Amino acid sequence: MRLDIISIFPEYFSPLDVSLIGKARRRGTLDVRIHQLRDWAHDVHKTVDDTPYGGGPGMVMKPEIWGAAIDEVTEGGTPRMIVTTPSGRPFTQAMAQELAQEPWLLFCCGRYEGIDSRVMAEYGKRMRVDEVSIGDYVLAGGEVAVLVMVEAIGRLLPGVLGNVHSAVDDSFAPGAMQNLLEGPVYTKPPVWRGREVPEVLLSGHHGKVARWRRDEALRRTMKNRPDLLEALDAATLDKRDREL
Ligand SMILES: Nc1cc(-c2ccc3ccn(Cc4ccccc4)c3c2)n[nH]1
């Protein structure tokens, strides 16, 4: 997979040199290219923003600069374009799974009050353009949202996660635990500051362990995300019980 990221703060993406994503880049699984938007601004101040038409606070990112950058970065191809924004479609595990199938993604990181809307309209003519939100809170720009998306997508790519089961068993991945939150996890020592590991986990009885984990996931989901359970009806829960 090729990932292009355009931003006025390319240094935000140095975390993509470490851990799983960094290894995938060095292995060639991921081809990540970071671009400084100001390289396409040719005035002496490298201006990328201007005042909003219609008035209002803040500044808006100029369409010409974005147009020059996107034209050059996408020369000869048509990636899927993602623009992060507070007013976008919610980013979900399902969207991460879908995006992980794409051969080429272009992430555009806005700043200020956002990117002139004509940019998304212009490129929507020749490529798929998605405006995506990573949650109902307001960031100062798109970079952190892109980091979140790249990590969620990157870990789904073949060979990126050491233990392939890690992604398959995700809370939001299809299967018996879908739409349930992760339950508690434990490792050695068996007793830590007088606190023991739940006995069932030491039993070696895989069926009992699976059921215990499902029950704990249900308990945590009921406590922290009852909304996820509305999507699960009794029939589905019974069916999953039989799968355990
Ligand atoms: N989930 C999510 C995404 C963002 C986000 C993404 C890109 C940008 C570019 C500029 N801003 C600042 C901004 C503040 C208010 C209104 C509009 C834009 C951004 C915020 N915030 N929260």
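Note: hydrogens, waters and symmetry copies are ignored here, and every other heavy atom, side chains too, is used. Order of listing sets the numbers, starting from 1, for every ligand and every atom in it. Please read all numbers here as calculations on a predicted model, not as lab measurements.
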Counting heavy atoms under 4.0 Å, the part of Ser87 that contacts ligand 1 is neither
Kindly confirm or rule out an N or O of Ser133 lying under 3.5 angstrom from an N or O of ligand 1. yes
Min N/O separation Gly142 to ligand 1 under 3.5 Å: no
So for ligand 1, is Ala145 a polar contact partner (N or O within less than 3.5 Å, distance only)? no
Nearest heavy atom to atom 12 (C) of ligand 1, choosing from Val132, Leu139, Ile115, belongs to Leu139
Electrostatic pair Arg89-Glu98, nearest N-O below 4.0 angstrom: no
Between Glu182 and Arg220 (salt bridge meaning N to carboxylate O under 4.0 Å), is one present in this structure? no
Protein contact of atom 5 (C) of ligand 1 - nearest heavy atom, named by residue and atom, plus distance: Pro86 CD, 3.5 Å
Numbered atoms of ligand 1 (with element) below 4.0 Å of Gly141, judged on heavy atoms: 5 (C), 6 (C), 7 (C), 8 (C), 9 (C), 10 (C), 11 (N), 19 (C)
Give the atom numbers and elements of ligand 1 that come within less than 4.0 Å of a heavy atom of Gly110. 9 (C)
Which residue and non-hydrogen atom of the protein lie closest to atom 14 (C) of ligand 1, and at what distance in Å? Val138 CG1, 3.3 Å
Given the rule that I, L, V, M, F, W and Y join up when any side-chain heavy atoms are under 4.5 Å apart, are Phe9 and Ile134 in one cluster? yes
Closest heavy-atom approach to atom 7 (C) of ligand 1 among Val83, Thr84, Ile134 is made by Thr84
With Asp43 via side-chain hydrogen bond (donor to acceptor under 3.5 Å, both in side chains) - residues at least two apart: Thr47
Out of Tyr123, Trp40, Trp66, which one pairs with Asp71 under the side-chain hydrogen bond (donor to acceptor under 3.5 Å, both in side chains) rule? Tyr123
Quick one: does any side-chain atom of Arg25 pair with a main-chain N or O of Val32 as donor and acceptor, under 3.5 Å? yes
Check if Tyr112 has a non-hydrogen atom at a distance under 4.0 Å from any atom of ligand 1. yes
Is it true that Glu216 and Arg219 have a side-chain N and a carboxylate O under 4.0 angstrom from each other? yes
Among all protein heavy atoms in this structure, tell me which lies nearest to atom 22 (N) of ligand 1, with the distance rounded to 0.1 Å. Tyr137 O, 2.6 Å
